[in-house]
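Have a look at the structure below, then the notes.
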Amino acid sequence: MFLQKEVYRLGSEPGLRSLPPGPERDFLTLTWGPIVYRTTYAPDSQRLIPIFLRALNEEIQKALSRCLPGSTEQIRLLETTYASKVFNAQEEYHGLDEETVRDAFHDWKVALALPAIELPVRLRMCLMIDDGVLSHLTTTVDMSSMVEKDADYSSCPVKVIEENFPDVHRRDSKPTKEDYPGWTKVALSAIVEVYDGLRRGRSLEDYHKSSQVYLGNAPGHNLGLTLKSDGCRMDRFISRKRPRLSPSATQQTLPPDEDSTDMKLAMLLSLFPDLEQDALLDILISSGGSVEDASAVITAQRGYKPAKKRTGGVSAIQTSMTSHIKTEAGLPPKRQLTRKGKTLHLFSPEDVAAHTPCTIIHNFLPPDEADALLLELLDESKHFSRYRFQLFDRTVESPHTSSLYVATPEEIRQQTSEYTYGGRYRSNVRQLTPYLRAVSAKVQRAVNDEVQKRIRACYPDGKKLKYQSPKEWVPNAAFVNCYDGPTESVGYHSDELTYLGPRAIIGSLSLGVEREFRVRRIVASNDDGGDDSEVSAMGLTADSPPRRKTTSKGIDGRADAQGQISIHLPHNSLLVMHAEMQEEWKHAIVPAQTVSPHPLSGNRRINITYRWYRDSLHPRNIPRCRCGTQAILRCVQRKRENKGRYMWMCYAGHDPGKKGCTFFQWAEFDDDGEPLWEIKPTEGGAPTLRNFVEEDDKQ
Ligand SMILES: O=C(O)CCC(=O)C(=O)O
Ligand SMILES: [Fe+2]
C-alpha cells in the first residue's frame with residue numbers, strides 16, 4: 001500500500017519532523033492528498049466549488065479501492081488520513097495562469113522551509129481549478145438536471161501541475177519540451193493513478209496528451225477523451241442563470257448533516273471566501289453544525305455589516321474525506337482540526353512596547369541617509385554568504401545571506417580566527433562601511449534613550465534587570481542580513497549570548513522591503529504554560545493570548561502555546577530588542593507569500609543588528625571545552641527548575657564535519673552581568689573590539 005507507506009515514511013522523516021510545529025507539519029506528515037489552487041471566482045463558482053471539492057474527494061475515495069490492492073482496513077486507513085489543502089483567496093489567486101500557479105506552489109513549498117530531503121509525494125504535484133475546469137463541471141451538473149439523475153463527475157478534469165523541488169536554486173520540473181506546457185488535464189477518477197505513477201518516478205508528461213484529458217487505465221475508462229477548448233462554455237458559465245438542480249445535486253451544495261466539520265468549513269469558506277476560517281467555525285458551531293443555518297446567519301449579518309477583511313498570510317483550507325466514513329455508532333468521526341495559535345499583528349509603537357520586549361522607532365533616519373545606507377549595503381550584499389550548520393545528520397544552509405562588520409582589519413582577523421559563531425570561526429567578516437559607521441552614533445543614542453525609558457516605565461522599581469549592564473550601550477559589531485525575496489527568512493531563535501553576555505540589548509535597523517518580525521514567549525517545559533519569570537511578574541504580558549494546556553506533543557505543542565506576535569518592520573525603522581528579549585523570547589523573520597517591492601531594493605530587505613560585545617567576554621576569557629573549541633553561552637529557557645541560569649556548553653557538533661563533546665559548566669555573573677572570573681591580561685596588548693562611535697562622533 002504505497003500511500004500507507006508514504007504516510008508512515010513521512011511521520012518518521014527527520015527533516016519533516018524538524019518543521020516548525022503546528023498544523024502545517026501535521027498536515028504534511030500525517031495525511032496524504034492533493035494541494036489545490038482555485039483560480040476561478042466567477043459568481044457561479046461560489047456554489048460550484050463545494051460540488052467540485054466533494055466530487056474530487058469522492059472520486060479519490062472510489063479510486064482507492066479500484067486502483068490499489070489492499071484490505072478494507074487499509075483502504076479505510078487511507079480514507080481517514082486523506083486531506084487536501086485548497087488555496088482559496090480571490091485577491092491572491094484569481095485568474096492566475098498555470099505558470100504562476102506553479103510559482104505559487106513552489107513558493108509555498110519553499111516557505112515550508114523543508115530541508116533538501118526527499119519530498120513527500122503530495123508536494124510533487126498540485127491541482128488547479130480554473131474557469132475551464134469549472135466549465136466542464138457546469139456541463140455535467142446541467143446535463144444531470146436535465147435527465148434527472150445523479151451527476152457522474154468521474155470524467156470531470158482537473159489541471160495537474162507538477163513541481164518537483166522546493167529548493168530555491170532548482171527548478172528542475174520546468175517543462176523542457178516545447179509541446180509539453182508543464183501541466184496536464186486528468187479526470188478526477190484517475191488522480192490516484194497519476195499520484196501513484198509520480199511516486200514511482202514517472203513524470204506528469206507521461207500522462208499528457210495535448211487538448212485531452214487523461215482518463216486513467218483502470219477498467220471501464222478510456223484514455224484520451226478529447227475536450228472542447230477550455231473557453232467554449234465559459235460565456236454560458238458566467239452569464240447563465242443558476243440552473244435548476246436536481247434534488248441530488250442540490251444536496252451536494254447544502255451538505256447533509258453527516259459531513260465532517262472540515263468539509264462544512266470548506267463549503268462555508270467557498271461560499272464566503274472573504275471571511276476568516278475561525279470566524280466561520282464559530283458561526284458553524286453556534287448554528288448547531290448546519291451549513292445551511294450558518295450561511296443564513298452570515299447572509300443576514302451581511303445586510304448590516306461590511307465583510308471582514310482578511311489579514312495576510314496563506315489562505316488555505318483543508319478538506320477531508322471523513323464525510324464518507326461513519327463510525328460504528330453511525331456518527332461522524334471526531335473532528336481533528338485544531339485551532340492554530342493566533343498571531344497578533346502590531347503596527348503602532350505603543351502596541352509594540354506594551355505587548356513585546358521591543359520598542360520600535362519608525363522613520364528613524366533622515367530619508368536620504370536611510371536610502372544611502374540601503375544602497376551601500378545592497379552593493380555589499382554581493383559579498384554575503386549563507387551560513388551552513390549541522391542539524392542532526394544534515395547540513396543546512398541559512399535561508400538568507402549575511403556578513404559581520406567590525407571596525408578594523410585587526411578585528412577582522414580576530415573575528416575569523418578567535419571569535420566563534422555557532423561553535424566555529426566565521427569566514428565572512430567585513431570592515432565597517434562609511435554609512436554603517438555614520439549611522440551608529442544615532443543608533444547608539446536612540447538605543448540608550450529607549451533602554452532608559454524602558455527601565456523607568458516597565459521594570460520593577462524602575463531599576464535595571466539583574467545581570468543587565470549599567471553601562472552605556474556601545475555598538476562594536478554589526479550583523480547585516482539580506483533577505484532576497486519573500487521566501488528568504490530566519491527561523492525562530494534567540495541570539496547567541498557568548499560575547500554579549502546576559503540581558504543583551506540589540507539595535508536592529510530595517511531597510512528596503514517591509515517584512516514581518518515574529519516574536520513568541522518561550523514556555524517552560526514542566527508546567528502548563530505558567531511562567532514565573534521576572535518579566536511576567538512585571539505584567540508585560542498581561543494581554544497575551546490565553547495559554548493552552550501542554551499537549552502530548554511536548555515542546556512542539558507548547559511552542560505556539562501563547563501565540564505569536566507579529567511586528568511589521570517597514571523601511572527605515574529601528575527596533576530595539578530589550579534586555580528581557582533573548583532569555584525569554586524567540587524571534588524570527590517569517591517567509592511571506594508576497595512582498596511589496598521597494599523602489600531601491602526590489603524584493604530585498606536589508607537588516608542590521610548592532611551589537612555590543614563585552615570586553616570581559618573576549619575569546620581569551622571564554623572557557624574551552626574538551627574538544628578544544630570555545631564553549632558558547634546559553635540561558636536555560638525551558639526547564640523550570642533551572643530557568644534563567646546561564647551555562648557554557650560545547651557547540652562544535654553544529655559545525656558540519658565536526659563532532660562536539662558533552663562539555664557543560666554553569667556560568668556565573670555578577671549583578672551587572674560581568675563574568676565572575678579573573679580577566680586574563682591581553683597578550684601583547686591585543687585590543688578588544690573598538691566602539692563604532694568615537695568620542696568626537698557623539699555630538
Ligand atoms: O532580520 C531581522 O530583523 C532579524 C535578524 C536576526 O534575528 C539575527 O540576525 O539574529
Ligand atoms: Fe536574531
Side-chain angles (χ1 to χ4, degrees), residues 20 113 346 352 356-362 364 370 373-374 377-378 380-381 384-387 389 397-406 415 419-422 426 428-430 436 443 447 475 477-500 503-522 564-592 595 598 601 603-613 632-635 637 654:
L346 301 181
V352 171
T356 74
C358 304
T359 47
I360 188 165
I361 303 175
H362 290 140
F364 174 65
L373 179 61
L374 173 59
L377 293 176
L378 285 173
E380 283 284 306
S381 72
F384 291 4
S385 54
R386 287 176 202 277
Y387 177 74
F389 55 98
E397 279 192 338
S398 62
H400 63 269
T401 55
S402 62
S403 184
L404 168 67
Y405 286 79
V406 285
Q415 287 291 344
Y419 286 85
T420 60
Y421 179 62
R426 282 181 182 271
N428 200 334
V429 184
R430 298 178 61 79
L436 262 182
V443 173
V447 168
F479 291 11
V480 184
N481 294 323
C482 176
Y483 303 85
D484 188 357
T487 56
E488 295 223 327
S489 59
V490 62
Y492 267 108
H493 66 283
S494 301
D495 288 351
E496 193 183 319
L497 299 177
T498 310
Y499 308 111
L500 305 175
R503 297 296 186 196
I505 285 160
I506 293 173
S508 169
L509 184 56
S510 293
L511 299 164
V513 159
E514 172 175 329
R515 293 288 297 264
E516 266 185 55
F517 182 73
R518 294 257 177 108
V519 298
R520 70 167 191 231
R521 283 180 67 83
I522 300 162
Q564 307 177 48
I565 299 181
S566 169
I567 305 174
H568 290 250
L569 299 180
H571 172 66
N572 196 12
S573 55
L574 179 72
L575 182 90
V576 181
M577 296 189 228
H578 286 281
E580 61 271 32
M581 176 90 172
Q582 305 304 334
E583 279 84 343
E584 292 164 38
W585 294 68
K586 285 187 184 279
H587 57 278
I589 294 289
V590 288
V595 290
H598 183 273
S601 69
N603 284 339
R604 286 171 293 175
R605 167 176 182 263
I606 294 282
N607 168 260
I608 311 153
T609 49
Y610 285 93
R611 292 152 194 254
W612 178 29
Y613 280 20
I632 71 155
L633 178 62
R634 306 190 79 176
C635 176
Q637 292 173 316
H654 294 256

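Keep in mind that this is a model prediction, so the values were computed, not measured. All ligand and atom numbering here is 1-based and tracks the order in the structure.
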[X] neighbourhood, listing ligand 1 atoms whose heavy-atom distance to it stays under 4.0 Å:
{"X": "Asn607", "answer": "1 (O), 2 (C), 3 (O), 4 (C), 5 (C)"}
{"X": "Arg611", "answer": "8 (C), 9 (O), 10 (O)"}
{"X": "Ile589", "answer": "1 (O), 2 (C), 3 (O)"}
{"X": "Tyr483", "answer": "1 (O), 2 (C), 4 (C), 5 (C)"}
{"X": "His587", "answer": "7 (O)"}

**Request:** Please state which part of Arg515 comes within less than 4.0 Å of ligand 1, counting heavy atoms only: side chain, backbone, both or neither.
**Result:**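 Answer for Arg515: neither.
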**Prompt:** Among all protein non-hydrogen atoms, which one is nearest to atom 3 (O) of ligand 1, and what is the separation to 0.1 Å?
**Reply:**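 The answer is Arg605 NH2, 2.8 Å.
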**Request:** Can you figure out which of Asp495, Leu575, Leu404 has its heavy atom closest to atom 10 (O) of ligand 1?
**Result:**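 Ranked by closest heavy atom to atom 10 (O) of ligand 1, first place is Asp495.
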**Cation-aromatic face contact Arg386/Tyr483, 6.0 Å, 45 degrees** =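 No, Arg386 and Tyr483 do not form such a contact.
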**Asked** Do the two ring centres, one from His587 and one from Tyr492, sit under 6.0 Å apart?
**Response**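 No; Tyr492 has its ring centre 6.0 Å or more from that of His587.
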**Prompt:** Given the side-chain rings of Phe479 and Tyr421, with only the six-membered ring counted for Trp, is the space between their centroids under 6.0 Å?
**Reply:**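 Yes, they do, as the ring centres are separated by less than 6.0 Å.
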**Message:** Rounding to 10°, state the angle centred on the Fe ion (ligand 2) that links NE2 in His587 with NE2 in His493.
**Reply:**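 The NE2/NE2 angle about the Fe ion (ligand 2) sits at 90°.
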**Modelled atom types, side-chain donor and acceptor of Arg518 and Gln564, under 3.5 Å** =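 Side-chain D/A pair, Arg518 to Gln564: present.
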**Asked** Under 3.5 Å, is there a donor-acceptor pair between the Ser494 and Gln582 side chains?
**Response**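 The answer is no; no qualifying pair exists.
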**Prompt:** Are His493 and ligand 1 in contact, using a heavy-atom cut-off of under 4.0 Å?
**Reply:**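 Per 4.0 Å heavy-atom rule, His493 contacts ligand 1.
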**Message:** Please confirm whether Lys586 approaches ligand 1 to less than 4.0 Å, judged on its heavy atoms.
**Reply:**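 Per 4.0 Å heavy-atom rule, Lys586 does not contact ligand 1.
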**Asked** Does the distance from a Lys or Arg side-chain N to an Asp or Glu carboxylate O, for Asp484 and Arg605, drop under 4.0 Å?
**Response**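 No, Asp484 and Arg605 are not salt-bridged.
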**Electrostatic pair Glu380-Arg430, nearest N-O below 4.0 angstrom** =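 Arg430 and Glu380: salt-bridged.
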**Request:** Would you mind telling me which of Asn607, Thr609, Asn481 makes a side chain to side chain donor-acceptor pair (under 3.5 Å) with Ser508?
**Result:**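 Of all the options given, the one that passes is Asn607.
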**Nitrogen or oxygen atoms of Asn481 and ligand 1 under 3.5 Å apart** =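 N/O-N/O distance under 3.5 Å: yes.
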**Prompt:** Would you call the rings of Tyr419 and Tyr499 parallel, tilted or perpendicular, where under 30° means parallel and over 60° means perpendicular?
**Reply:**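 The arrangement is perpendicular - the two ring planes meet at more than 60°.
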**Item:** N/O/S atom name from Asp495 that is nearest to the position of the Fe ion (ligand 2)
**Value:**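 When I compare the N, O and S atoms of Asp495, OD1 is nearest to the Fe ion (ligand 2).
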